[in-house]
Protein chains: 2
Amino acid sequence: MALRHAVLAALLDGELSGYELAKAFDVGVANFWYAQPQQLYAELTRLEKAGLVVGREVVQETRPTKRLFHVTDAGLAELEDFAAASAKPSFVRDDLLVKVRAADHVDTAVLIEQLTERAAFAQAKIDLFGKLLRSMRGDRTEDEFLRHGDRIGPYLTGLRGLSFEQGNRDWCARTITVLRERQTVRARH
Amino acid sequence: MALRHAVLAALLDGELSGYELAKAFDVGVANFWYAQPQQLYAELTRLEKAGLVVGREVVQETRPTKRLFHVTDAGLAELEDFAAASAKPSFVRDDLLVKVRAADHVDTAVLIEQLTERAAFAQAKIDLFGKLLRSMRGDRTEDEFLRHGDRIGPYLTGLRGLSFEQGNRDWCARTITVLRERQTVRARH
DNA sequence: CCATGCTACTCATAAACATGACTAGTCACA
DNA sequence: TGTGACTAGTCATGTTTATGAGTAGCATGG
């Protein structure tokens, strides 16, 4: 029951349709969760059955009818309970790290390729988070916003997402450098 | 098929029993994967059936007989293929981030408690990684080791684990500060 | 001398997560 | 006028990951 709470948390600031939610999750909900649209629709159905969210139909003229969901009091209570329960330690699950761990036994060239790709991806995320954070805080400074703004939750998680991706980018760069250097050293023999 | 490759990568530098592997994974295999012993035993069985690892029985005098596993050529080939396949973007899946995302709607005190706990946990990991890295590079400097050492894979992933936990610790500290400040601001009203 | 904890596993089951395939109307663009 | 992309979903199935419970001998400490 983990996606469940991620969905609840995402629905906190305003009504969303399953489709909109799916887009938010595709971006990665500030990088700490990822899910396919189908999973979200299924989760929303479960949440509604459990009375933690309610949906209302919105008939649109030109587009398909959609259902907007919001969190109920029961849903909020559930989140409170969840927040109070002890959290599992976080983990990164990352194919790329598995590959690098095997670096001494697999082809260096493909690793460098993938690290380059990942660095670019991380940079794109960094830019995205930068924009998101700026738009959340408006013209205030970060400190100002964090002190007096309302809805700082998404901002705080955004900060973690940003620094995570900076960490990814920098580590990729470093790793690429190391692997390249070793390639040239070997080439000299 | 993800744990599968994590296990293969972990077995690369030497034979391990399921039990030893489990301990390595409990530490978090340099933080990029986590699994229960049962999962690992099951995975080892599957890997052996697939011919990617082989185990040999080691009868011990005072302790239960164990089976040490090592990667076969087929396993290495599998890892090569895996390394060449495009990786999914990494993600953090973290209950704590979900909770902080809901920070504006849940009890601040419990959040601060959990963030404090996590910060301590992160610090413990940082110390652990520090030790691991030092012991891997011996008396060489990091640059020296990375240039000329053999088996730099685990070292490189260790670096990522280290910086990830530093990011966690720093973010927890920052978030705690922010939440505390807001508490006192509110208390004044 | 008994409780606790470590080594070393197995078995069964449950929960969570991921995927492919499908419907069906609208819109923009060439 | 047809091609592809976007909105807004559903259904079914498969894979992966997680958990609880159990076995069994040896070691350590009070």
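Throughout, a chain's letter reflects where its sequence line sits, starting with A, and its residues are numbered from 1.
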Identify each atom pair where a protein N or O and an N or O of nucleotides 27-29 of chain C are less than 3.5 Å apart, giving names and distance.
residue	atom	partner	partner atom	Å
C:dC27	OP1	A:Thr62	OG1	2.6

Whole-Å gap separating [atom2] ([N]) and [atom1] ([X]):
X       : N      : atom1 : atom2 : result
A:Lys66 : C:dT26 : NZ    : C1'   : 15 Å
B:Phe69 : C:dA8  : CZ    : P     : 13 Å
B:Gln60 : D:dG25 : CD    : P     : 16 Å
A:Leu21 : D:dT7  : CG    : P     : 14 Å
A:Leu68 : D:dT7  : CG    : P     : 14 Å
B:Arg93 : D:dT17 : CZ    : P     : 10 Å
A:Leu3  : D:dA18 : CG    : P     : 14 Å
A:Leu16 : D:dT7  : CG    : P     : 14 Å

Residues at least two apart in sequence or cross-chain that pass side chain to side chain contact (heavy atoms under 4.5 Å, CB included) with A:Thr141, listed by chain then number, are A:Asp143, A:Glu144
Among D:dT19, C:dC9, C:dC17, the one nearest any side-chain atom of B:Gln36 is D:dT19
B:Tyr19 has its side chain closest, among D:dG9, C:dC6, C:dC17, to C:dC6
Heavy-atom check, side chain of [X] versus side chain of [Y], under 4.5 Å:
X        : Y        : value
B:Thr108 : B:Arg182 : no
A:Trp171 : A:Val100 : yes
A:Ile152 : B:Leu179 : yes
B:Arg174 : A:Leu146 : yes
B:Glu20  : B:Leu68  : yes

Return no unless some side-chain N or O of A:Lys23 is found under 4.0 Å from OP1 or OP2 of D:dC6. no
*Is there a side-chain polar atom (N or O) of A:Ser17 under 4.0 Å from OP1 or OP2 of D:dG9?*
yes
Contact check, residues 37-55 of chain A vs DNA chain D, heavy-atom distance under 4.0 Å, returns A:Gln38, A:Tyr41
Contacts satisfying salt bridge (charged side-chain N to carboxylate O under 4.0 Å, His left out) that involve residues 102-122 of chain B (not counting sequence neighbours) are B:Asp94-B:Arg118
The answer to which of A:Pro64 and B:Ala35 contacts DNA chain D further toward the 5' end, by nearest nucleotide, is A:Pro64
Name every donor-acceptor pair, under 3.5 Å, that has one atom in a side chain of residues 45-59 of chain B and the other anywhere in the protein, sequence neighbours excluded.
residue	atom	partner	partner atom	Å
B:Thr45	OG1	B:Tyr41	O	2.8
B:Arg46	NH2	B:Glu43	OE1	2.8
B:Glu48	OE1	B:Arg67	NH1	3.3
B:Glu48	OE2	B:Gly55	N	3.2
B:Glu48	OE2	B:Arg67	NH2	2.9
B:Arg56	NE	B:Glu15	OE1	3.4
B:Arg56	NE	B:Glu15	OE2	2.8
B:Arg56	NH2	B:Glu15	OE1	2.9

So NE2 of A:His5 and CG of A:Asp81: to nearest 0.5 Å the spacing works out to 8.0 Å
- request: Kindly determine whether B:Tyr155 and B:Phe145 satisfy ring pair (Phe, Tyr, Trp, His ring centres under 6.0 Å), including the steps that lead there.
  value: CA-CA 9 Å; B:Tyr155 196 94; B:Phe145 174 72; 4.9 Å; yes
*Face-on cation placement of B:Lys99 at A:Phe82 ring, 6.0 Å and 45° thresholds*: yes
Hey, mind stepping through A:Asp127 and A:Gln123 against side-chain hydrogen bond (donor to acceptor under 3.5 Å, both in side chains) and telling me if it holds?
CA-CA 6 Å; A:Asp127 296 343; A:Gln123 185 58 53; 3.1 Å; yes
One should report the stems of DNA chain D, each a stretch of at least three consecutive Watson-Crick or G-U pairs at distances under 3.5 Å, as C:1-30 with D:1-30
Result for 5'-nearest mapping on DNA chain C, choosing between A:Glu61 and B:Glu20, is B:Glu20
